[in-house]
Amino acid sequence: MLKKSCLFLFLVLSTVLTFAQAKEEQAVAQQVEKLRKAMIDGDQTALQNLTSDKLTYGHSSGTIEDKKLFIGNIVNKKSSFATMDLTNQTISISDNVALVRHKLDAVTSNDGKPAEAHLFVLLVWQKTGGQWKLVARQAVKQPVETAAAK
């Protein structure tokens with residue numbers, strides 16, 4: 001009887017933990033989508049709310065921006081997005097840190113020059129005060145054969 005009770009308790013706890021993990025992954029996915037939309041729209045308030053004051057935002061070119069520069073470049077259209085498609089997204093959560101990887105394909109404008117971006121991106125989100133905030137981002141260019149197969 002004790003073995004059956006322990007097994008039942010284990011199954012219930014596993015189910016609860018799995019549900020909680022899935023709920024947090026969904027919350028992170030929603031934040032990623034809000035960030036995508038805020039970057040396309042140049043929404044300063046949303047970008048402020050979604051990012052940590054400690055943000056380090058790495059571009060595939062090697063350029064690193066802090067929160068102020070990242071938001072300023074988006075809002076002032078120095079770096080803008082006409083479209084941004086995120087695919088092959090994975091989310092891994094450990095405690096209050098979420099790692100998000102995805103493929104990014106976008107139509108952009110950099111200093112007024114039209115361009116396309118084909119990147120693999122790693123986002124690091126941290127849950128503080130009950131909200132997921134972007135702490136770090138790093139992008140690398142997709143290999144030519146991957147971007148062409150898009």
Side-chain angles (χ1 to χ4, degrees), residues 11-150:
L11 291 174
V12 168
L13 286 175
S14 294
T15 301
V16 167
L17 291 174
T18 300
F19 179 74
Q21 181 77 6
K23 185 178 176 184
E24 287 300 320
E25 287 176 10
Q26 184 178 16
V28 171
Q30 289 172 348
Q31 292 295 89
V32 172
E33 177 56 21
K34 287 177 186 177
L35 178 67
R36 184 191 73 79
K37 186 172 178 349
M39 289 175 72
I40 291 170
D41 295 343
D43 185 338
Q44 183 172 3
T45 301
L47 292 168
Q48 288 281 350
N49 292 333
L50 289 163
T51 55
S52 166
D53 290 340
K54 298 177 183 177
L55 178 67
T56 176
Y57 190 94
H59 292 270
S60 62
S61 65
T63 301
I64 306 290
E65 298 171 337
D66 63 9
K67 180 176 182 170
K68 182 179 178 182
L69 190 55
F70 162 67
I71 293 173
N73 285 341
I74 296 288
V75 171
N76 297 325
K77 305 280 187 218
K78 180 175 180 181
S79 177
S80 63
F81 293 86
T83 66
M84 183 189 303
D85 297 316
L86 307 178
T87 57
N88 300 339
Q89 184 163 281
T90 62
I91 299 172
S92 174
I93 298 175
S94 180
D95 296 325
N96 67 336
V97 175
L99 303 178
V100 178
R101 289 188 180 274
H102 53 236
K103 182 178 166 186
L104 179 150
D105 294 292
V107 175
T108 66
S109 177
N110 298 310
D111 289 323
K113 297 174 190 159
E116 288 187 14
H118 303 285
L119 308 171
F120 292 123
V121 177
L122 170 65
L123 302 173
V124 180
W125 295 81
Q126 184 175 35
K127 192 171 189 180
T128 53
Q131 184 179 3
W132 289 100
K133 296 212 176 221
L134 182 65
V135 177
R137 184 256 200 190
Q138 186 58 59
V140 296
K141 291 181 174 119
Q142 294 176 23
V144 173
E145 63 275 5
T146 304
K150 166 184 126 146

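- Looking only at side-chain heavy atoms (C-beta outward), H118 and K103 stay at 4.5 Å or farther from each other.
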Show the numbers, then the answer: is there a side-chain contact (heavy atoms from CB on, under 4.5 Å) between L104 and D85? CA-CA 6 Å; L104 179 150; D85 297 316; over 6 Å; no
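- Looking at every heavy atom in both residues, L119 comes nearest to S60 through CD2-OG, 3.5 Å.
- Side-chain atoms of D66 and T56, non-hydrogen and from C-beta on, never get closer than 4.5 Å to each other.
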With side-chain contact (heavy atoms from CB on, under 4.5 Å) as the test, would you mind laying out the steps for Q138 and I64 before giving the verdict? CA-CA 9 Å; Q138 186 58 59; I64 306 290; 4.0 Å; yes
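- Side-chain N or O atoms of R101 include none that pairs as donor or acceptor with a backbone N or O of T90 at under 3.5 Å.
- Interatomic distance, NZ of K54 versus OG1 of T128, reported as 9.0 Å (0.5 Å rounding).
- Note that CG of L50 is 6.0 Å distant from CG of L35, once rounded to the nearest 0.5 Å.
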CA sep, side-chain torsions, deciding dist, call: N96, W125, side-chain contact (heavy atoms from CB on, under 4.5 Å): CA-CA 8 Å; N96 67 336; W125 295 81; over 6 Å; no
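- Considering only heavy atoms from C-beta on, H59 comes within 4.5 Å of E65 through its side chain.
- Residues K141 and F120 fail the side-chain proximity criterion, which asks for heavy atoms closer than 4.5 Å.
- Side-chain contact between V28 and V100 is present, with heavy atoms from C-beta onward closer than 4.5 Å.
- To the nearest 0.5 Å, atoms OG (S94) and CG (L99) are separated by 8.0 Å.
- With contacts defined as side-chain heavy-atom distances shorter than 4.5 Å, the pair L123/V121 qualifies.
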Under the side-chain contact (heavy atoms from CB on, under 4.5 Å) criterion, do F70 and V75 qualify, and how do the steps go? CA-CA 9 Å; F70 162 67; V75 171; over 6 Å; no
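- Each of T51, T45, L47 was compared with N49 under the side chain to side chain contact (heavy atoms under 4.5 Å, CB included) criterion, and only T45 meets it.
- Counting heavy atoms from C-beta outward, L86 and V32 have side chains that approach closer than 4.5 Å.
- Across K133 and S52, no two heavy atoms sit closer than the pair CB-N, 4.0 Å.
- Side-chain atoms of T83 and I40, non-hydrogen and from C-beta on, never get closer than 4.5 Å to each other.
- Looking at K67, its side chain does come within 3.5 Å of a backbone N or O of Q48 through a donor-acceptor pair.
- For the side chain to side chain donor-acceptor pair (under 3.5 Å) criterion with E33, the lone passing option out of Q31, R36, Q30, K37 is R36.
- When all heavy atoms of W132 and I93 are compared, the closest pair comes out as CH2-CG2, 4.1 Å.
- Looking only at distances, no side-chain donor or acceptor of D41 sits under 3.5 Å from a matching main-chain atom of D43.
- Expressed to the nearest 0.5 Å, how far OH of Y57 lies from CG of L134 amounts to 8.0 Å.
- Rounding to the nearest 0.5 Å places CE of M39 at 10.5 Å from CD1 of I71.
- Residue I74 holds its CD1 atom at 4.5 Å from OG of S79, rounded to the nearest 0.5 Å.
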